[in-house]
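If you scroll down you'll find the structure; I have some questions about it.
Please read these numbers as outputs of a predicted model, since none were measured by experiment.
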Amino acid sequence: MTGKSGKTREGRAHGTGGTDGTGTGTGTGTGYDVVVVGGGAAGLSAALVLGRARLRTLVVDAGEPRNAPSSHMQGYLSRDGMSPAAFLAAGREEIAGYGVELLTGRVTDVSRNGAVTGTGTGNAGFAVLLDDGRAVRARRLIVATGLKDELPAVPGVAERFGRDVLHCPFCHGWEVRDQPFGVLASSAMSVHQALMVSRWSKDVTFFLHTVAEEELSDQDLRRLAAAGVGVVPGEVAELVVEDDRLTGVRLTDGSVHARSVLYVGPRPVPRTGLLERLGAELSETPFGAYPVVEPTGLTSVPGVWAAGNAVGFAEQVVHAASGGYRAAAAIVGDLLMADLDAVVAA
């Protein structure tokens, strides 16, 4: 993710080339075969594959994982219940064992630095500017910058997020099963969330908040009734918290509805700034604009891949790790063929 400053290096670099990482020793700035922007599940998974393939790789990470507010992550086979921090620490240790460099910092800009070609040209492909003013060069890029969740501006929501204010029942539904749920509407699409969470509790109240009841379709209302979900009109004023626990939802009319868990629908804000600077094609969705990618994560910009929440709102940790793996494997083959073609053409 492209966040905070305060740089540290971990691990060591390896490679078969000169100081620019291309085998030529030409050009300015340190060079790498691949720079991975973002060190979450997608970025670390990609880096692991790249390191094992003996490619000189740099991961630039800001330490802002999307799931940082959660104390545990669920649904990842063999890692169910593991804390996000422990998961990332294990990943960093693994990539360091293969010589991958990890830099804590932010990528502030990227630009094309000539054609994306093989090692015989001495051309690194991309210039990557870091927030400490240094520039490095890369033959290929993986953008795994994720997204930011913008929470509803209701007092108490941000403070409780990841604890008893949640957004994904697949992530946390089991842990709060059978408790009194509330669902805070942000649009008529929130009906889907209210229906989904009824799988984990039969005591669900749907707070319309700023959504007018007329915005719900007849089918919405029938489904909510069939699921046993109560519908409460009126704007939510704040959450009621006692002894560091959510106990209720207070409306602007002063009424309080006892609830132990509140589901909300954050507005996802994709971190696509670097991709936009490179001219990547984006596609508008109800959850933001994301890069158009091929199955391996290749964007419309030659030499640039994307993975994780950088390509979609619904990517869970396990999906992000898989996407990073696919992107890295594609890059290994892409660089090999580019190098062989350069030898043939020489």
For the pair R56 (side chain) and G31 (backbone), establish whether a donor and an acceptor sit closer than 3.5 Å, ignoring hydrogens and angles. yes
Would you check, one step at a time, whether the test side chain to side chain contact (heavy atoms under 4.5 Å, CB included) holds for R140 with D33? CA-CA 6 Å; R140 301 293 185 269; D33 292 308; over 6 Å; no
Locate the shortest heavy-atom distance separating L195 from A227; write the atom from each residue and the value. CD2-CB, 4.0 Å
Would you say that more than 12 heavy atoms from the other residues, nucleotides or ligands in this model lie under 6.0 Å from the OH of Y325, or not?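 It does not: Y325 OH has 12 such atoms or fewer within range.
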pair M82-H72: side-chain heavy atoms closer than 4.5 Å: no
Which pair of heavy atoms, one from A289 and one from E284, lies closest together, and at what distance?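 Where A289 meets E284 most closely, the heavy atoms are CB-OE2, 3.5 Å.
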With no hydrogens and no angle check, is any side-chain donor or acceptor of S300 less than 3.5 Å from a backbone partner on E281?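 Side chain of S300 to backbone of E281: a pair is present.
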Could you walk me through whether R259 and T205 pass side chain to side chain donor-acceptor pair (under 3.5 Å), step by step? CA-CA 8 Å; R259 298 288 92 183; T205 299; 3.3 Å; yes
Between R160 and D244, is there a side-chain N and carboxylate O pair less than 4.0 Å apart? yes
L208 and E213, any side-chain heavy atoms less than 4.5 Å apart: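 Contact flag for E213/L208 side chains = yes.
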Do the side-chain N and O atoms of T299 and W305 include a donor-acceptor pair separated by under 3.5 angstrom?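 No, because no side-chain N or O of T299 sits under 3.5 Å from a partner of the opposite role on W305.
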Shortest non-hydrogen pair, F126 vs P302, comes out as CZ-O, 3.4 Å
Let's go through V35 and V136 carefully: what are the C-alpha distance in whole Å and the side-chain angles of both, what is the deciding distance for side chain to side chain contact (heavy atoms under 4.5 Å, CB included) to 0.1 Å, and is it a yes or a no? CA-CA 9 Å; V35 169; V136 299; 4.2 Å; yes
Would you say the rings of Y263 and W200 are close, in the sense that their centroids are separated by under 6.0 Å? no
Taking the side chain as C-beta and beyond, is there a heavy-atom pair between V236 and R250 under 4.5 Å?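 No, their side chains stay 4.5 Å or more apart.
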Please check this pair: side chain of R66 against backbone of G40, looking for a donor-acceptor N/O pair closer than 3.5 Å.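 Between the backbone of G40 and the side chain of R66 there is no qualifying donor-acceptor contact (under 3.5 Å).
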Would you call D132-R134 a salt bridge at under 4.0 Å N-O? yes
Least distance between heavy atoms, V59 atom then G38 atom: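 Looks like CG1-O, 3.9 Å.
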Given the rule that I, L, V, M, F, W and Y join up when any side-chain heavy atoms are under 4.5 Å apart, are I142 and V332 in one cluster?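 Hydrophobic grouping puts I142 with V332.
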Please check if the side chain of T145 supplies one atom and the backbone of R271 the other of a donor-acceptor pair under 3.5 Å. yes
When rounded to the nearest 0.5 angstrom, what distance separates CG in D218 from CZ in R223? 12.5 Å
Identified side chain to side chain donor-acceptor pair (under 3.5 Å) counterpart of R139 within the set N113, D334, D339: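 Among the candidates, only D339 passes.
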So does G75 get a backbone contact from the side chain of D80, meaning a donor-acceptor N/O pair under 3.5 Å? yes
Say whether, by atom type as modelled, one donor and one acceptor occur between the side chain of D220 and the main chain of S217 under 3.5 angstrom.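 It does hold such a pair.
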Do the ring planes of H167 and F161 sit parallel (below 30°), tilted (30 to 60°) or perpendicular (above 60°)?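 Tilted, since the angle between the ring planes falls between 30° and 60°.
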Working for side chain to side chain contact (heavy atoms under 4.5 Å, CB included), residues L239 and V165: CA-CA 10 Å; L239 305 188; V165 174; 3.7 Å; yes
Do the side chains of S260 and P180 get nearer than 4.5 Å, heavy atoms only?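 The answer is yes; the side chains approach within 4.5 Å.
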Do side-chain atoms of E215 reach the backbone of A212 as a donor and acceptor pair under 3.5 angstrom?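 Yes, the answer is positive, given that a donor and an acceptor are paired below the 3.5 Å cut-off.
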Check R277 with D109, please: is the shortest side-chain N to carboxylate O separation under 4.0 Å? yes
Rounded to the nearest 0.5 Å, what separation is found between the CG atom of L184 and the CG atom of L151? 10.5 Å
Can you hop from V204 to V249 via hydrophobic side chains spaced under 4.5 Å? no
Does a side-chain heavy-atom distance below 4.5 Å link L88 with P65? yes
May I ask you to decide if L251's main-chain N or O and S255's side chain share a donor-acceptor pair within less than 3.5 Å? no
Taking the side chain as every heavy atom from C-beta outward, state whether R222 and Q219 have any pair of such atoms under 4.5 Å apart. yes
same_hphob_cluster(L166, M73) at 4.5 Å side-chain heavy-atom cutoff: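 The answer is no; the residues belong to distinct hydrophobic clusters.
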What's the verdict on side chain to side chain contact (heavy atoms under 4.5 Å, CB included) for V229 and V191, showing C-alpha distance, side-chain angles and the deciding distance? CA-CA 10 Å; V229 176; V191 170; over 6 Å; no
Using atom types as modelled and distance alone, determine if a side-chain donor or acceptor of S45 lies under 3.5 Å from a backbone N or O of A321.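 Flag set: sc S45 to bb A321 pair under 3.5 Å.
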Partner of V36 by side-chain contact (heavy atoms from CB on, under 4.5 Å), out of I331, L58, L50: L50
Atom CD of E93: over 12 foreign heavy atoms under 6.0 Å: no
Are V34 and L141 close enough that some pair of their side-chain heavy atoms sits under 4.5 Å apart?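 Heavy-atom side-chain distance check fails, nothing below 4.5 Å.
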How long is the span from the CZ atom in R106 to the CG atom in L130, to the nearest 0.5 Å? 11.5 Å
Does atom CZ of R199 have more than 12 heavy-atom neighbours, drawn from other residues, nucleotides or ligands, at distances under 6.0 Å?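 Atom CZ in R199 is not packed in, count stays at 12 or less.
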From S187 atom OG to Q193 atom CD, the distance as rounded to the nearest 0.5 Å: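 So the OG of S187 and the CD of Q193 are separated by 9.5 Å.
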Rounded to the nearest 0.5 Å, what's the gap from CD on E94 to CZ on R92? Could you check?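 Output value for this atom pair is 12.5 Å.
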Smallest heavy-atom separation, A194 atom then F206 atom, equals CB-CD1, 3.8 Å
Are L274 and L103 co-members of a hydrophobic cluster defined by side-chain heavy atoms under 4.5 Å apart?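 Same hydrophobic cluster.
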Could you give the distance from OH (Y290) to CG (L282), rounded to the nearest 0.5 Å?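 Y290 OH to L282 CG: 11.0 Å, rounded to 0.5 Å.
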C168 and Q316, any side-chain heavy atoms less than 4.5 Å apart: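 Contact flag for Q316/C168 side chains = yes.
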Of the non-hydrogen atoms in A310 and V143, which two are nearest, and what is the gap between them? CB-O, 3.8 Å
Taking T57 for the side chain and L55 for the main chain, is one N or O donor matched with an acceptor at less than 3.5 Å? yes
State yes or no: do F170 and V183 share one hydrophobic cluster built from I, L, V, M, F, W and Y residues joined by side-chain heavy-atom distances below 4.5 Å, directly or via other members? yes
